[in-house]
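Input: a single structure, listed below in structure tokens.
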2 protein chains.
Amino acid sequence: MSGYTVMNMMKDGDGKGASATRSAYLTLRQMILTGELPAGEKLKIEQLRALLKTGASPIREALSLLTSDMLVERLDQRGFRAAPASKANFEEILMLRCTLEDMALRASIANGGTAWEERLVLCHHHMNRARQKGTPEFEVAHKTFHMALLENSGLPTLERYCAQLYDLNIRYRYLAAGGARYQKRDIAAEHKSVLDAALDHDADRASDRLLTHYRLTGEYLGQQMDH
Amino acid sequence: MSGYTVMNMMKDGDGKGASATRSAYLTLRQMILTGELPAGEKLKIEQLRALLKTGASPIREALSLLTSDMLVERLDQRGFRAAPASKANFEEILMLRCTLEDMALRASIANGGTAWEERLVLCHHHMNRARQKGTPEFEVAHKTFHMALLENSGLPTLERYCAQLYDLNIRYRYLAAGGARYQKRDIAAEHKSVLDAALDHDADRASDRLLTHYRLTGEYLGQQMDH
DNA sequence: GTGTCAATAAATATCGATATTTTTGGGAGG
DNA sequence: CCTCCCAAAAATATCGATATTTATTGACAC
């Protein structure tokens with residue numbers, strides 16, 4: 001799954017050796033997710049070209065790709081802007097996540113398999129380790145764990161939607177709280193209970209724990225957004 | 001909602017007066033949906049550039065945009081290809097459509113409103129009229145009607161997913177049957193019963209009729225795909 | 001035969017310059 | 001004082017050429 005050679009290592013990762021388009025895509029994506037490029041802001045090609053030190057073509061292409069992720073809007077002949085944010089949008093995303101992840105998680109559990117279970121355990125372990133290391137590492141591990149829960153569903157389109165919605169939700173975490181500040185809740189315990197239920201093949205319990213996890217976070221963020 | 005002037009009329013429609021990117025986007029999209037560009041086929045820039053008589057930049061950007069619709073895959077540093085098709089993908093799409101359209105339709109009905117109901121009646125009428133006119137007109141009107149059912153949900157992200165999945169499904173209609181050939185079923189009656197249930201604010205009945213409509217079509221197409 | 005490697009051919013990706021379009025701002029006319 | 005319209009400025013969109021990268025081919029060694 002991750003057999004790197006010196007040569008193709010240049011094309012993965014965070015984009016240092018990748019194509020200019022991919023590099024720009026990853027950078028801009030991060031900037032929008034973290035709010036460094038605020039919601040609704042006009043994205044001027046020239047400005048971004050200077051910022052990323054690359055030509056206009058990679059920028060334009062990256063912005064077109066970000067349209068897939070609903071992080072950028074394209075206004076024909078009038079350039080691009082960072083997708084606007086609103087509480088209504090936030091709540092829609094939360095609702096969709098609950099519906100779609102429920103479906104994906106149940107399918108994953110139904111498919112089962114030891115390979116998947118082991119991957120799950122490993123991702124969970126990595127996530128806990130990453131908590132000590134720092135925020136960016138934890139963010140990555142957190143997403144990996146959540147996606148691993150769903151990635152046994154055999155439903156790639158559904159998984160894609162879930163990944164998209166996950167990112168959109170992260171964006172609201174930054175917009176609302178200015179970062180990945182967590183609350184008093186015992187997030188680790190919530191994750192553990194989802195993991196345990198999944199390993200027990202208890203779809204109802206796993207789904208319930210997962211959705212509760214999302215709804216609690218959603219409630220917290222919703223409050224933050226009201227100031 | 002559709003206040004045209006001579007000036008901005010140039011930027012809508014099928015792309016004659018629109019930007020080269022938009023024009024290329026619409027053309028390529030149609031070609032992929034109808035199978036003129038077969039599933040899985042390599043999409044060479046030079047070849048498309050010659051075909052659409054435009055530069056490489058609009059082509060590349062259009063292909064990047066088609067990535068949003070899951071109609072094109074991007075292989076970093078190796079160009080683009082039309083998204084592959086499979087029966088598994090077809091069935092996933094059918095399943096997702098049923099789940100998501102059910103949700104959207106119920107939300108639309110819950111919101112209600114005479115404006116929406118009138119729009120529905122009108123779209124249904126246009127669709128019936130278009131049946132006489134010919135296939136392309138009917139295709140447009142058919143999609144418009146189906147989307148109108150959902151476009152009162154107040155859930156734009158969900159609507160977007162539904163529209164995407166609708167297109168992906170259309171593609172399988174062309175792949176399986178070589179066109180919009182309909183079967184012996186009385187499609188018109190199926191549409192009418194969805195419309196009536198929606199106008200009655202009977203969400204359960206409307207959803208049942210709509211999903212039955214999809215599943216019957218899905219069954220038929222599934223058979224076609226087995227040869 | 002068969003596999004490897006280098007040279008060649010093909011295709012992609014990117015740049016820099018230019019054409020087009022939208023936006024802005026400052027009068028003239030009402 | 002407000003509105004409309006035209007010119008200037010800014011920004012987008014597009015082109016054509018070039019640099020990079022990947023795919024292909026054929027010779028050579030094993």
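Everything quoted here is computed from the prediction, not taken from an experiment. Protein chains get the first letters and strands the later ones, always in sequence-line order, with residue 1 at the start of each.
With contacts defined as side-chain heavy-atom distances shorter than 4.5 Å, the pair B:N89/B:Y172 qualifies.
Residues B:R97 and B:E92 are not paired through a salt bridge, judged by the lack of any N-O separation under 4.0 Å between the basic side chain and the carboxylate. A salt bridge does not link A:D167 to A:R171: none of the charged side-chain nitrogens sits closer than 4.0 Å to a carboxylate oxygen. Using a cutoff of 4.0 Å between basic side-chain nitrogens and carboxylate oxygens, A:R131 and A:E137 are not scored as salt-bridged.
Using cut-offs of 30° and 60° on the angle between ring planes, the pair A:F145 and A:H191 is perpendicular.
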Its contact letters, B for base, S for sugar-phosphate only and - for none at protein heavy atoms under 4.0 Å, make nucleotides 10-17 of chain D read -SSSBB--
